[in-house]
Amino acid sequence: MTNVTEPTLFRLRVAYPKLGRLKYLGHLELIHTVEQIVRRAKLPYAVTQGFSPHMRIAYTSALPVGTSSTAEYFDVYLTELVPAEQALCQLQAAAPVDMRPLAAGYVELRRPALTAEIDEVHYLLELIVAPGASVAEGELAQVLSGWLEHGAVIPYRRGKKSKSLDIAHVLKGARHAVAPDGNIWLELATRCDNDGSLRPEILIAALDQALRGLDPGVGEEIVSTGIQRLTVFSSYLVERCSQRIACGGGVSYPLGRELCAPSGSLAARVRVDALSNL
């Protein structure tokens with residue numbers, strides 16, 4: 001039976017990037033920024049009940065500070081049905097360039113939350129090789145394929161807690177290329193579930209150690225500190241380039257289609273289909 005006192009709501013799903021300097025926003029700062037965008041767009045958003053009402057909005061999982069993205073999403077609940085294209089235009093006009101929404105569409109109210117239904121996340125990495133160092137493509141492929149075949153478990157420390165990265169569980173696959181300038185491109189297909197997800201900086205630190213002939217996390221301790229201190233690589237860039245949903249043996253996307261990479265992103269700089277499969 002329908003409660004006549006409960007307003008009809010509409011669940012608008014919005015895809016947006018997080019690029020440039022805005023990749024250094026923490027998750028709480030990101031939430032504040034998105035809510036400001038929705039307010040400036042003058043969308044008729046719903047609010048929660050209680051003594052401290054706030055905007056009814058939900059997000060995908062938090063990004064590490066410094067990681068960019070071309071595939072972030074939020075669901076905002078509206079009290080009026082605004083055409084999706086009109087809502088998108090209003091949001092784009094209200095947003096900073098590096099978070100300008102890419103697409104929008106309505107989804108069912110009963111559909112699972114974004115964090116519950118997304119179970120596959122892809123990352124694109126650019127690893128800048130340090131001066132005087134070099135990495136052969138065969139050497140890189142041997143390390144990565146060995147981890148996948150033998151189910152490597154990489155120990156690391158986060159704060160005072162000892163943890164481990166189970167490669168067999170979190171890493172579904174990887175593609176790679178060594179660019180003409182000697183730098184390395186990696187695309188990682190990772191699982192995301194209640195048992196854990198991949199922290200790309202841990203894998204980068206482990207790869208740096210493995211390329212030096214060390215047993216990752218054993219020969220040298222790996223500490224999850226955000227930015228890693230490396231030897232083979234002088235620096236690196238990480239971008240979340242896709243979020244997906246397992247569906248009947250295949251995959252689908254939060255808005256039903258893959259998003260186009262916006263200018264200024266890593267994905268716009270490299271042809272992902274040119275990377276070599278392991």
Do side-chain atoms of Tyr156 reach the backbone of Ala205 as a donor and acceptor pair under 3.5 angstrom? no

For Leu259 and Ala71, work out which heavy atoms get closest and say how close. CD1-CA, 4.0 Å

Please give me the minimum heavy-atom distance between Cys247 and Ser252, naming the atom from each residue. CB-OG, 4.0 Å

Mark yes or no for whether Arg13, through its side chain, and Asp75, through its backbone, hold a donor-acceptor pair below 3.5 Å. no

From CA spacing to verdict: side-chain contact (heavy atoms from CB on, under 4.5 Å), Met99, Val34: CA-CA 9 Å; Met99 280 182 60; Val34 169; 3.7 Å; yes

When you measure from the side chain of Thr67 to the backbone of Val238, do you find a donor-acceptor pair of N or O atoms at a distance under 3.5 Å? no

Could you tell me whether Arg111 and Glu117 have a side-chain N and a carboxylate O separated by less than 4.0 Å? yes

Value rounded to 0.5 Å, distance of OH in Tyr16 from CG in Leu88: 14.5 Å

Heavy-atom closest pair (Leu102 atom, Pro262 atom, distance to 0.1 Å) is CD2-CB, 4.2 Å

Between the side chain of Thr190 and the main-chain N/O of Leu171, is any donor-acceptor distance below 3.5 Å? no

Do you reckon Ile57 sits in the same ILVMFWY cluster as Leu255, going by side-chain contacts under 4.5 Å, direct or chained? no

Quick one: do Trp147 and Tyr236 end up in the same hydrophobic cluster if we chain Ile, Leu, Val, Met, Phe, Trp and Tyr together by side-chain heavy atoms under 4.5 Å apart? yes

Residues two or more places apart in sequence or in another chain: which of them pass salt bridge (Lys or Arg N to Asp or Glu O under 4.0 Å) with Glu120? Lys172

Is any side-chain heavy atom of His122 less than 4.5 Å from a side-chain heavy atom of Gln243? no

Should the heavy atoms of other residues, nucleotides or ligands under 6.0 Å from CZ of Arg40 be counted, would the total exceed 12? yes

Out of the candidates Lys163, Arg229, Arg157, only one should pair with Glu221 under the salt bridge (charged side-chain N to carboxylate O under 4.0 Å, His left out) rule; please name it. Arg157

Consider only side-chain heavy atoms of I, L, V, M, F, W and Y, link residues closer than 4.5 Å, and tell whether Tyr77 and Leu12 are in one cluster. no

Is there side-chain contact between Leu237 and Leu266, with heavy atoms separated by less than 4.5 Å? yes

Is the shortest side-chain N to carboxylate O distance from Glu72 to Lys18 below 4.0 Å? no

Please report the shortest heavy-atom distance between Val218 and Pro155, naming the atom on each side. CG2-CG, 4.2 Å

In this structure, CD of Glu258 is separated from SG of Cys241 (nearest 0.5 Å) by 7.5 Å

Salt bridge check, Arg21 against Glu29: does any charged N sit closer than 4.0 Å to a carboxylate O? no

Name all residues meeting the salt bridge (Lys or Arg N to Asp or Glu O under 4.0 Å) criterion together with Arg100; count only those two or more places apart in sequence or in a different chain, and write none if there are none. none

Between atom OG of Ser69 and atom CG of Leu124, what is the distance when rounded to the nearest 0.5 Å? 11.0 Å

Angle between ring planes, His27 versus Tyr59, binned at 30° and 60°: parallel, tilted or perpendicular? perpendicular

Determine whether Leu63 and Leu30 satisfy the following criterion, side-chain contact (heavy atoms from CB on, under 4.5 Å), listing intermediate values before the conclusion. CA-CA 10 Å; Leu63 275 173; Leu30 174 76; over 6 Å; no

Are any of the side-chain heavy atoms of Leu165 and Val153 separated by less than 4.5 Å? no

Donor-acceptor contact below 3.5 Å, side chain Asp119 vs main chain Ala246: yes

Among Asn183, Ile204, Leu230, the one residue meeting side chain to side chain contact (heavy atoms under 4.5 Å, CB included) with Leu127: Ile204

Taking the side chain as everything from C-beta on, heavy atoms only, tell me whether Glu187 gets closer than 4.5 Å to His176. no

Please give me the minimum heavy-atom distance between Ser224 and Ile202, naming the atom from each residue. CB-CD1, 3.7 Å

Can you tell me how far apart CZ (Arg191) and CZ (Arg244) are? Round to the nearest 0.5 Å. 13.5 Å

Dump the intermediate steps for side-chain contact (heavy atoms from CB on, under 4.5 Å) on Val251 and Ile245, then the final yes or no. CA-CA 5 Å; Val251 294; Ile245 305 161; over 6 Å; no

Is Asp208 reaching over with its side chain to a backbone N or O of Thr231, donor-acceptor style, under 3.5 angstrom? yes

Do Val121 and Arg240 touch side chain to side chain, with heavy atoms closer than 4.5 Å? yes

Can a salt bridge be assigned to the pair Glu201 and Arg199 using a cut-off of 4.0 Å between side-chain N and carboxylate O? yes

Taking side chain as C-beta onward, heavy atoms only, is Arg11 less than 4.5 Å from Tyr106? no

Please determine whether residues Val143 and Val178 belong to a single hydrophobic cluster, defined as Ile, Leu, Val, Met, Phe, Trp and Tyr linked transitively by side-chain heavy-atom distances below 4.5 Å. yes

Nearest 0.5 angstrom please: Ile128 CD1 to Asp181 CG, how far? 8.5 Å

Salt bridge check, Glu239 against Lys23: does any charged N sit closer than 4.0 Å to a carboxylate O? no

Does the side chain of Phe74 come within less than 4.5 Å of Val38's, by heavy atoms? yes

Full working for side-chain contact (heavy atoms from CB on, under 4.5 Å) between Arg175 and Leu186: CA-CA 6 Å; Arg175 296 195 291 176; Leu186 280 177; over 6 Å; no

Would you say Leu43 ends up clustered with Phe10 if hydrophobic residues are merged whenever their side chains have heavy atoms under 4.5 Å apart, either directly or through other cluster members? yes

Between Thr79 and Pro44, is there a donor-acceptor pair closer than 3.5 Å when you use the side chain of the first and the backbone of the second? yes

Check Leu114 against Pro254 and note the closest heavy-atom contact, atom names and distance. CD2-CB, 4.2 Å

pair Leu78-Leu9: side-chain heavy atoms closer than 4.5 Å: no

Interatomic distance, OH@Tyr73 vs OG1@Thr115, rounded to 0.5 Å, equals 14.5 Å

